[in-house]
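Chain letters run A, B, ... following the sequence lines, proteins first and then strands; every chain starts at 1. Computed from heavy atoms alone, side chains included, the values below leave out hydrogens, waters and symmetry copies.
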Amino acid sequence: MDLRPGVSLSTRVRFPEELPITAHVVELANGIDEHQIIIVAGETGSGKTTQLPKICFAMGRGTQARIGCTQPRRIAASSVAARVAHELDSALGDVVGYQVRFTDKIKATSSVKFMTDGILLAEIQSDPLLRAYDTLIIDEAHERSLNIDFLLGFLKRLLPRRRDLRVIISSATLEIERFATFFNNAPVIQVSGRTYPVDVLYRPPSDDEADLADLVANTVNEITELDPRGDILVFLPGEREIREAAGEIEQRALPHTVVLPLYSRLSAAEQQRVFHSGPGRRVVLATNVAETSLTIPGIVYVVDPGLARINRYDVRTGVSQLLVEDISRASADQRKGRCGRVQSGVCFRLYEEQDYVTRPAHTDPEIKRVGLAGVILRMKSLRLGDIEEFPFLDPPPQRAINEGYRTLEELGALEEGQLTQIGEQLGRLPLDPRLGRMILGGREENALREVVIIASVLGLQDPRDRPQAVQQKADEAHRKFREEGSDFVAYLKLWAFWQDARKRLSRRQLQKICHDNFLNYNRMREWEEIHDQIVRILKDLNFKPGAQPASGEQIHRALLPGLLSKIGMYNPEGRNYFGARQTRFVIHPSSSLARKPPAWVMAAELVETSQLFARTVAKLDPAWLEHAGGSLCRRSHADPHWEQKQGQVMAKEQVTLYGLPIVKDRSVAYARYNQPLCRELFLT
DNA sequence: GTTAGGGTT
């Protein structure tokens, strides 16, 4: 194939011969020249991520405006940028740079900019037509995260307004036809992968295999009998299943075998263990972190029970569910592909082939599984119009949209479809709207300093580590951060501990003190970075931190407007809480309030796992609720009667908030609620 | 008596 007239490729850009994509360079360059948008489909190892930007650069793109390349994860954006910079014989930033949250390695000379998809989305705020780019490459589009679906819809609208712009959607070979159709029959260029064959064996449980751990251990045992070498990757839904399977495998006493757990909550050092091969065969027991985020080198066998915990938001109750589900075919195939990267492999699926065939083809995209308040807020804030009109590849159902509106109204961010001042301010904060609302509450209650610390950590995983083998020791170390009656204030204690250590200690010493106190150093740093970022934004918004330390009451009053539908009233019979919208929950055992449940609580989150748990909880004074609930409160009146002493008709008032009785039998003057009845009572 | 994984102005 020849290059189209007018297309040339700089000979200074070299494409590695061993990469499959190199055979398609001319085809791709022609496609990019001829079409405003193309879809590039290819499996792992094809070289798309590194070579597509180079093809665009070799075509002379990225000089007037940049070539922007998005990645779903920060680590990928920075490492791919370093790799491509190296391949172009330039220092990072000169020709190729990257930007992720907290790190900007872009210079004026950078032609190629790698970034997370969230960064590109954020740039729409200040650059609504994305004029900073002449080319955009959206990588890993098949992952269908919220950010990716948002970008796809945005780009569909942008293309007619930016005729000069070129867009490449890069994806695994999944739902390629849907992408093509979505973009008005955009051409698809298929690039082969570079992988070794993987055999699939279906190995459903036998009758005497009691549970998942047993099944997994037997399968690992069978692999050992076939082949004593070759690392094994086992996918499991969560930490507990990993622990149980590890126990079962160790009981089998397999020779020369090292069992390595792998999940995101492990410390960096514990995660690193899977990247260093030692003596003996490794059996890595991993959550979904190994499906997309981490690639473990040298896996020969994959064991896939076909299960994962999937996050789904219940639109009726506003509760997140994290329940174990059967994974889709696409996810099963992705897992299979985690072996066969350096030699041929075998994938054991621990269910019937018929089961595989009848599973859904794809995992629901995130937009169909999450609460939409944050999405709607963002769209309003970016002036992208109504969510109902936005061209999503998979439009969310109207019920979910309505629930999103309701949540924003609860927060005071939306009135009659328009963002309020609160809404505008929430739109500026890179946080979940509920967490943002806490910060605005912090200003109202003069507790800004404290609430920024709390809201920053609530969006992260808990920085406190609790390794299985040393739970008691970890709990002991964490005891000094506990605060009776408030898990939120406990975070303030932890913050004070960190800040004190931060002032005195070197980085190495900090890492040690974190380790000694069962704190995850990386997450502590992340907490601090988010905190500092929010402090900077608040300075721009002219918010001033309180001069005085805030009281517990000020802090909790500040948090409450963000958590109005996450309150609970104790139910002694059930030893649980009545929550909003007819839910019932218990306090998670990790909370300091779990043993002595107070009459009223508010929770940072309600998540359904083995039960519906409230996590990060504080005691709540119900007297605050009527004011905080405002127009969300519902009033009813009973027993209107003439009262001689007061010379007017009185009644018993009940006030409820999301169905919970926050005021009972309050005596009120009834005239303002029912004038005619009062007149009648007065006359008789 | 204990939660999968990502991401941000």
query = Do A/R240 and B/dT2 share a donor-acceptor pair, side chain to base, under 3.5 Å?
reply = no
inquiry  = Applying a 4.0 Å non-hydrogen cut-off, can you work out what A/V607 is touching in the nucleic acid: base, sugar-phosphate, or nothing?
reply    = base
key: Nearest-angstrom distance from the residue atom CG of A/L431 to P of B/dT9   = 11 Å
query = Which part of the nucleic acid, if any, lies within contact of A/R73, taking any heavy atom under 4.0 Å across all strands shown: a base, the sugar-phosphate backbone alone, or nothing?
reply = sugar-phosphate
request  = Remember a base hit wins even if backbone is also touched, and classify A/E143 as base, sugar-phosphate or nothing at under 4.0 Å, heavy atoms.
outcome  = nothing
query = B/dT9 C1' sits how many Å from A/Q425 CD, rounded?
reply = 14 Å
message = Measuring to OP1 and OP2 of B/dT9, would you say a side-chain N or O of A/S126 lies under 4.0 angstrom away?
response = no
Integer-rounded Å distance: B/dT9 P and A/N147 CG = 11 Å
ask   = Is A/R383 paired with A/E424 through a side-chain N to carboxylate O contact shorter than 4.0 Å?
value = yes
query = Reckon A/S145 touches a base, only the sugar-phosphate, or nothing at all at heavy-atom distances under 4.0 Å?
reply = nothing
message = Just to be sure I understand the rule, does A/I119 reach a base, reach only the sugar-phosphate, or reach nothing, if contact means heavy atoms closer than 4.0 Å?
response = sugar-phosphate
task = Name the nucleic acid region contacted by A/E605, choosing base, sugar-phosphate or nothing; use a 4.0 angstrom heavy-atom cut-off, strictly under.
result = base
note = Sorted by chain and number, sequence neighbours left out, side chain to side chain contact (heavy atoms under 4.5 Å, CB included) with A/E476 holds for A/R479
remark   = Which of B/dG6, B/dG1, B/dT9 is nearest the side chain of A/S293? It is B/dG6
ask   = Under 4.0 Å between a side-chain N or O of A/R74 and OP1 or OP2 of B/dT8?
value = yes
inquiry  = Students often get this wrong, so: under 4.0 angstrom with heavy atoms, is A/E123 touching a base, only sugar-phosphate, or nothing?
reply    = nothing
query = Atom CG of A/L460 to atom P of B/dA4: distance rounded to whole Å?
reply = 17 Å
query = Is a donor-acceptor contact shorter than 3.5 angstrom present between the side chain of A/R144 and the base of B/dG6?
reply = no
key: A/T116 side-chain N/O to B/dT8 phosphate OP1/OP2 under 4.0 Å   = yes
task = May I ask you to say what A/S610 touches in the nucleic acid, namely base, sugar-phosphate or nothing, with a heavy-atom cut-off under 4.0 Å?
result = sugar-phosphate
Given B/dT2, B/dT9, B/dA4, the nucleotide with the shortest approach to the side chain of A/L322 = B/dA4
query = Taking for each residue the nucleotide of DNA chain B bearing the nearest heavy atom, is the 5' side occupied by A/L146 or by A/I537?
reply = A/L146
ask   = Under 4.0 Å between a side-chain N or O of A/Q461 and OP1 or OP2 of B/dA4?
value = no
query = Of all the choices, B/dT9, B/dT2, B/dA4, which nucleotide is nearest to the side chain of A/F613 once you look at every atom?
reply = B/dT2
request  = Using atom types as modelled and distance alone, determine if a side-chain donor or acceptor of A/R243 lies under 3.5 Å from a backbone N or O of A/G238.
outcome  = no
ask   = Of A/L426 and A/R265, whose nearest nucleotide on DNA chain B comes first from the 5' end?
value = A/R265
key: Residues in side chain to side chain donor-acceptor pair (under 3.5 Å) contact with A/E244, at least two apart in sequence or another chain   = none
request  = May I have the distance from A/Q533 (atom CD) to B/dG7 (atom P), rounded to whole angstrom?
outcome  = 14 Å
ask   = Does any N or O in the side chain of A/D149 come within less than 3.5 Å of the main-chain N or O of A/L393, such that one atom is a donor and the other an acceptor?
value = no
query = Do the ring centers of A/F585 and A/F578 come within less than 6.0 Å of each other?
reply = no
ask   = A/Q611 near the nucleic acid: base, sugar-phosphate alone, or nothing, with a heavy-atom cut-off under 4.0 Å?
value = nothing
Gap between atoms CD and P, on A/E608 and B/dA4 respectively (whole Å) = 14 Å
ask   = Roughly how many Å is it from CD in A/Q71 to P in B/dT8, rounded to a whole number?
value = 12 Å
query = How is A/R243 classified with respect to the nucleic acid when contacts are heavy atoms under 4.0 Å: base, sugar-phosphate, or nothing?
reply = nothing
No-H, no-angle donor-acceptor pair, A/R466 side chain to B/dT2 base, under 3.5 Å = yes
request  = Answer yes when A/R131 and A/E123 have at least one side-chain N-carboxylate O distance shorter than 4.0 Å, and no when they do not.
outcome  = no
key: Nearest-Å distance for atom pair CD1/P, residues A/I124 and B/dT8   = 15 Å
note = Closest to the side chain of A/P589, out of B/dT9, B/dT2, B/dA4, is B/dT2
inquiry  = At less than 4.0 Å, is any side-chain N or O atom of A/T292 found next to OP1 or OP2 of B/dG5? Yes or no.
reply    = no
